[in-house]
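Quick caveat: nothing in here was measured; it's all calculated off a predicted structure.
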Amino acid sequence: MAEEKEKKHAEPATPAAEKARPKPAKPSEPHSADFRYIIRIAGADLDGNRSVVYALTGVKGMGVRLAEIVADLAEVPRNVKIGDLPEAKVTDIEQVLQNLPEYTPHWILNRQNDWETGEDYHAFGSDIDLRIRDDINLMKKIRCYKGIRHEQGQKVRGQRTRSNGRTGLTVGVVKKQAIAAAQEKAKEEGGRKKEKKEEKKE
């Protein structure tokens, strides 16, 4: 019996059991003396414990692909924690962001052929919200289809609105109210007819 128990213990664990087993916590890497827990770039507070690429995605308007491009252009290692970067490298990243259209193809930018200036550039942070608001106001002003839909609070991009995106009272509620109003009118008219008949008889 003791030998069987030892054999059971000696058998390798199944993959499911290995997943369920808690993994030991990774020892935290010691930070350098100049480590900063918060880095301010393009109006956003970035977590210093994240790698350069994934920390830069905290800036509104920047995804992983663009963050990789920015890191390469600034000559910063992608996998280094952004809090370990010296101030000079952070400044390089900010300069690359400001002059992004000079280094990248136009199709990667989020603001191509701007209607005011005709330039290609990339908007970040609160500038994105400002530009979107200006675009919507322009569409409302020129009374285009999208602008009218924005004014009405309806869906703008051609979605179906028969079952979704309803505003105000739903069709079923309106029908019930209309039926109830019609019944009340019919009762009132019926009562008036009876009164007229009685008057005629007298």
Side-chain angles (χ1 to χ4, degrees), residues 12-140 146-147 149-150 153 155-157 159 164-165:
T14 59
E18 286 179 4
K19 285 182 182 177
R21 187 182 302 159
K23 294 180 181 179
K26 291 181 180 179
S28 58
E29 297 177 6
H31 298 308
S32 62
D34 299 329
F35 183 81
R36 290 176 292 170
Y37 288 92
I38 293 175
I39 305 292
R40 185 87 175 164
I41 295 176
D45 293 330
L46 308 181
D47 185 5
N49 283 309
R50 301 188 77 186
S51 65
V52 171
V53 170
Y54 289 103
L56 286 174
T57 57
V59 177
K60 188 171 184 178
M62 186 178 297
V64 175
R65 180 199 282 182
L66 190 60
E68 289 174 349
I69 292 169
V70 169
D72 293 344
L73 289 170
E75 297 179 355
V76 174
R78 295 181 181 183
N79 298 324
V80 172
K81 288 185 177 179
I82 198 167
D84 285 324
L85 292 179
E87 189 66 34
K89 288 295 181 184
V90 175
T91 307
D92 290 345
I93 290 173
E94 289 178 338
Q95 286 178 352
V96 169
L97 290 178
Q98 289 172 1
N99 304 315
L100 203 56
E102 297 176 11
Y103 304 114
T104 56
H106 70 92
W107 49 263
I108 207 168
L109 305 174
N110 63 6
R111 193 76 184 169
Q112 301 167 26
N113 195 17
D114 183 50
W115 61 269
E116 283 184 320
T117 60
E119 297 176 357
D120 297 331
Y121 70 95
H122 200 89
F124 297 103
S126 59
D127 192 29
I128 293 176
D129 300 326
L130 184 66
R131 295 298 172 188
I132 290 171
R133 202 180 308 120
D134 289 346
D135 289 346
I136 292 171
N137 288 336
L138 176 69
M139 287 189 284
K140 289 178 181 177
K146 286 176 72 176
R149 297 291 285 179
H150 273 295
K155 292 182 184 293
V156 175
R157 300 184 179 183
Q159 298 97 320
N164 288 330

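Between H150 and V156 there is a side-chain heavy-atom pair separated by less than 4.5 Å. Residues V76 and D92 have side chains not in contact (no heavy-atom distance under 4.5 Å, counting atoms from C-beta outward). Side-chain contact between L85 and I39: absent, with no pair of heavy atoms (C-beta onward) separated by less than 4.5 Å.
Looking only at distances, a side-chain donor or acceptor of K89 sits under 3.5 Å from a matching main-chain atom of E75.
Rounding to the nearest 0.5 Å places CG of L56 at 8.5 Å from OG of S51. One finds the CG atom of D120 at 13.0 Å from the CH2 atom of W107 (value rounded to the nearest 0.5 Å). Here the straight-line distance linking atom CG of D134 with atom CE of M139 works out to 11.0 Å at 0.5 Å rounding. With values rounded to the nearest 0.5 angstrom, Y54 atom OH is found 15.5 Å from K81 atom NZ. For the atom pair CG (N137) and CD1 (I132), the distance works out to 12.0 Å, reported to the nearest 0.5 Å. Taking NE2 from H122 and CG from N110, the interatomic distance works out to 4.0 Å, rounded to the nearest 0.5 Å.
In terms of heavy-atom proximity, V52 sits nearest to P77 at CG2-O, 3.5 Å. Here the closest heavy-atom approach between residue R157 and residue Q159 is recorded as N-OE1, 3.1 Å. Of all heavy-atom pairs between A44 and G58, the closest is CB-O, 4.1 Å. Scanning both residues, G61 and I128, for their nearest heavy atoms gives CA-CD1, 3.5 Å. What you find for A55 and I82 is that their closest heavy atoms are CB-CG2, 3.8 Å.
A salt bridge links R78 with D72: the distance from a Lys NZ or Arg NE/NH1/NH2 to an Asp or Glu carboxylate oxygen falls below 4.0 Å.
In terms of the side-chain contact (heavy atoms from CB on, under 4.5 Å) criterion, residue partners of R111 (sequence neighbours excluded) are, by chain and number, D114, W115, Y121, R131, D135.
The side chain to side chain contact (heavy atoms under 4.5 Å, CB included) with M62 is formed by just one residue from the set L97, V53, T57, I41; it is L97. Y103 pairs in a side chain to side chain contact (heavy atoms under 4.5 Å, CB included) with only one of the listed residues (I69, V70, L73), which is L73.
Environment of NZ in K146: sparse, with no more than 12 heavy atoms of neighbouring residues, nucleotides or ligands closer than 6.0 Å.
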